[in-house]
2 protein chains.
Amino acid sequence: MMKSRRRATSFDVAALAGVSQSAVSRAFSPQSSIAADTRARVLDAARKLDYVPNRIASSLTTRRTNIVAVIVGDMANPFYVQALHCIGRSLQAQGRQVLLFTLDRDASADDVMRRVLQYQVDGVVLTSARLSMRMTGRSLDRGVPIVLFNRYIPGHDAACVRCDNVHGGGLIASALLAAGGRRFAMITGDPGATTSQDRVRGFVTHLAQAGVAPEDIAEACGHSTYEGAAAAALALFDRPRRDWPDALFCINDIMALGAMDVLRARLGIAIPDALQVAGFDDIPQAAHLSYRLTTVAQPVDAMVAEALALLHLDGPARHIERAIDRALPGHLVVRATLRPPGG
Amino acid sequence: MMKSRRRATSFDVAALAGVSQSAVSRAFSPQSSIAADTRARVLDAARKLDYVPNRIASSLTTRRTNIVAVIVGDMANPFYVQALHCIGRSLQAQGRQVLLFTLDRDASADDVMRRVLQYQVDGVVLTSARLSMRMTGRSLDRGVPIVLFNRYIPGHDAACVRCDNVHGGGLIASALLAAGGRRFAMITGDPGATTSQDRVRGFVTHLAQAGVAPEDIAEACGHSTYEGAAAAALALFDRPRRDWPDALFCINDIMALGAMDVLRARLGIAIPDALQVAGFDDIPQAAHLSYRLTTVAQPVDAMVAEALALLHLDGPARHIERAIDRALPGHLVVRATLRPPGG
DNA sequence: CCGCGCTTTGCATACGTATGCAGATTTTCA
DNA sequence: TGAAAATCTGCATACGTATGCAAAGCGCGG
């Protein structure tokens with residue numbers, strides 16, 4: 001059976017059902033004023049013609065595309081994949097979809113933002129550390145709601161949802177102290193990312209209260225990647241054995257995996273006996289039996305729900321949040337990379 | 001400075017530049033017939049008004065959205081994340097975007113496909129094993145090009161790009177034999193997935209040629225997940241120690257990680273000394289020092305390039321490929337989970 | 001039987017851009 | 001210099017749907 005070349009439109013359905021095009025439109029919009037039997041007749045005709053409403057066309061008049069742009073900075077970090085997955089699920093449950101933008105190293109902010117705006121998205125979720133400022137500016141100027149996911153811009157008034165990273169850093173410091181850590185080290189992420197800065201700050205501040213001077217905490221930058229962290233870990237241990245750290249905080253899990261792997265494989269360091277390790281994020285791999293990483297779990301579901309709520313996708317009038325900064329608390333997940341306290 | 005509430009349209013730009021709306025449209029389309037200085041004047045006015053062409057509106061007349069739907073069945077498998085990332089990068093380089101559809105366990109094929117069709121996408125890339133048949137049917141009926149990524153449907157004529165899984169299974173069999181494997185075992189994936197079936201077939205066939213009877217190969221289903229594989233691995237070793245397998249093929253890497261983790265942690269099995277393990281896919285984690293997994297690398301970049309080419313997104317007339325089945329060869333990546341041959 | 005209110009329907013138009021066509025302008029060549 | 005060719009521009013319309021408005025149909029109470 002050969003289908004007609006042209007796709008059926010609401011006019012075709014209207015003709016078959018013996019109603020006007022308006023009736024077809026109303027039949028497909030739940031809250032419209034239309035008689036039950038008319039709707040049934042229309043849906044029946046639509047089925048016969050294999051008609052599917054054209055959302056692109058409808059978005060012209062409704063001024064809503066039901067599309068949300070998600071800009072992912074680092075697809076190599078499972079945490080952001082997890083966040084993307086969660087965002088996609090939530091939006092799909094609302095009848096909306098994700099338009100995905102991945103950001104390459106050399107991507108220009110203006111370039112990405114121009115593409116986002118061309119697609120008339122209803123909102124933007126930005127998970128990229130880099131380029132945030134210029135992108136949020138253009139988005140807000142054009143009346144497109146944007147929410148920063150897990151990062152913020154100090155001088156700027158864009159809405160932001162994040163884990164309380166300072167608090168989380170403190171949780172890690174507290175756990176490492178309780179487990180008997182004495183010589184502390186950190187592997188930090190992208191230096192420009194507030195995520196990294198805040199976790200470091202929470203960690204250092206809490207240690208300071210326990211009498212550990214900041215200058216006694218060894219530090220190396222792992223650039224938020226597995227490989228970068230492996231290199232950083234080796235750098236931290238490039239010193240006499242008696243000065244080796246015995247407690248290491250990696251500001252995210254993916255770096256903790258890199259550090260653990262290289263330290264065990266290259267230097268034969270036993271974890272947690274010779275070195276205690278903690279991460280941040282609670283990515284799926286942190287629970288794997290090769291790592292059993294102690295970490296701070298981010299409340300991803302709640303963060304996503306909050307972020308999408310701040311976009312105000314429902315409701316007739318578009319309201320843009322300003323100067324919102326929601327910090328949700330994470331919680332410590334204790335696994336096997338710390339010694340039991342008092343053990 | 002307060003921006004006007006309404007976004008600037010091509011008419012606004014036209015008025016400011018003193019030209020017609022058509023001229024504005026042409027100024028933004030590279031191959032249009034327009035004088036250089038007119039274009040410059042238009043672009044200048046556009047910049048002043050912060051005008052961005054509305055791609056949604058333009059797609060109404062061009063009948064192209066420059067959007068490709070990507071349906072991801074399993075976001076928990078890093079291989080598909082990697083594929084998604086690669087697809088996104090390639091499309092963005094062509095000025096197109098990915099509209100992401102994630103498939104939950106309980107998602108209905110009709111439901112997802114209806115949403116795909118509503119958005120008038122220019123093409124569909126389907127990476128989900130389940131539901132493939134009904135989805136491809138509806139897509140093709142409506143003239144939307146669809147390509148199955150790394151799976152195919154035997155009775156169906158949709159285009160398909162995949163790794164040569166039979167060949168890859170043979171590579172693994174060959175490597176395990178050369179490394180001295182004697183008692184073989186497999187952890188299989190989703191029973192309905194051709195990906196799993198083909199890899200198993202290649203593996204079993206190759207072993208048979210070497211004199212290993214299929215019924216001597218132990219088998220358990222890991223359902224393509226880390227956790228499922230861990231359970232399957234324990235089941236395979238739930239027998240007298242002298243009957244334990246010494247060569248294990250997991251039909252994808254994520255399951256190999258699960259199997260290795262549980263066998264080492266729970267049963268204390270040394271890899272590769274007591275057990276040799278191989279996977280398939282070459283996900284990033286396979287290279288991590290905790291695993292150093294021998295596996296078959298899929299040529300993801302080439303597969304994605306081929307898949308997108310089959311959609312025929314360029315060119316004026318939409319041509320739909322039928323009955324295409326491209327199988328690209330993978331290559332063995334030897335790491336530390338096999339003993340060196342002759343060692 | 002009349003008038004009021006409620007529901008349902010169709011008409012007309014708007015959304016923002018692309019493009020065929022014809023007219024206008026410039027260039028080319030004899 | 002003139003005519004033909006080439007280039008550029010604007011007009012008008014189409015793409016597919018949503019919705020304000022008014023008209024029509026209906027039920028109900030007086």
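Excluded from the calculations below are hydrogen atoms, water molecules and symmetry mates; all remaining heavy atoms, backbone and side chain alike, are included. Chain letters run A, B, ... following the sequence lines, proteins first, then strands; residues in each count from 1.
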Among residues at least two apart in sequence or on other chains, which ones pass side chain to side chain contact (heavy atoms under 4.5 Å, CB included) with A40(A)?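 A40(A): no side chain to side chain contact (heavy atoms under 4.5 Å, CB included) contacts found.
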
Under the side chain to side chain contact (heavy atoms under 4.5 Å, CB included) test, residues paired with A35(B) that sit two or more places apart: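 For A35(B), the residues satisfying side chain to side chain contact (heavy atoms under 4.5 Å, CB included) (neighbours in sequence not counted) are D37(B), T38(B).
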
For atom [atom1] of [X] and atom [atom2] of [N], their distance in whole Å:
{"X": "R7(B)", "N": "dG16(C)", "atom1": "CZ", "atom2": "P", "result": "9 Å"}
{"X": "R64(B)", "N": "dT19(C)", "atom1": "CZ", "atom2": "P", "result": "11 Å"}
{"X": "I56(A)", "N": "dT17(C)", "atom1": "CD1", "atom2": "P", "result": "14 Å"}
{"X": "F11(B)", "N": "dC11(D)", "atom1": "CZ", "atom2": "C1'", "result": "11 Å"}

What does T61(A) touch in the nucleic acid at a heavy-atom separation under 4.0 angstrom: a base, only the sugar-phosphate, or nothing?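 The answer is base, as T61(A) lies within the cut-off (heavy atoms under 4.0 Å) of a base atom.
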
Salt bridge present between R162(A) and D325(A) (N-O < 4.0 angstrom): yes

What's touching nucleotides 10-12 of chain C from the protein side, N or O pairs under 3.5 Å?
from	atom 1	to	atom 2	distance (Å)
dG10(C)	OP2	S20(A)	N	3.1
dG10(C)	OP2	S20(A)	OG	3.0
dG10(C)	N7	R26(A)	NH2	2.7
dG10(C)	O6	R26(A)	NH2	3.1
dC11(C)	N4	S22(A)	OG	2.8

Pairs flagged by ring pair (Phe, Tyr, Trp, His ring centres under 6.0 Å) wherever residues 47-75 of chain B is involved - sequence neighbours left out: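 Of all non-adjacent pairs touching residues 47-75 of chain B, those that pass ring pair (Phe, Tyr, Trp, His ring centres under 6.0 Å) are F28(B)-Y51(B).
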
Tell me whether the OP1 or OP2 atom of dG16(D) has a side-chain N or O from R63(B) closer than 4.0 Å.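 Answer is yes, contact under 4.0 Å.
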
Between its two end axes (five pairs each) the helix from dC1(C)-dG30(D) to dA30(C)-dT1(D) turns, nearest 10 degrees, through 30°

Mind listing the side-chain donor-acceptor pairs of residues 77-85 of chain B below 3.5 Å, one per line with the distance, residues two or more places apart or on another chain?
from	atom 1	to	atom 2	distance (Å)
N77(B)	OD1	F79(B)	N	2.9
Y80(B)	OH	R151(B)	NH1	2.9

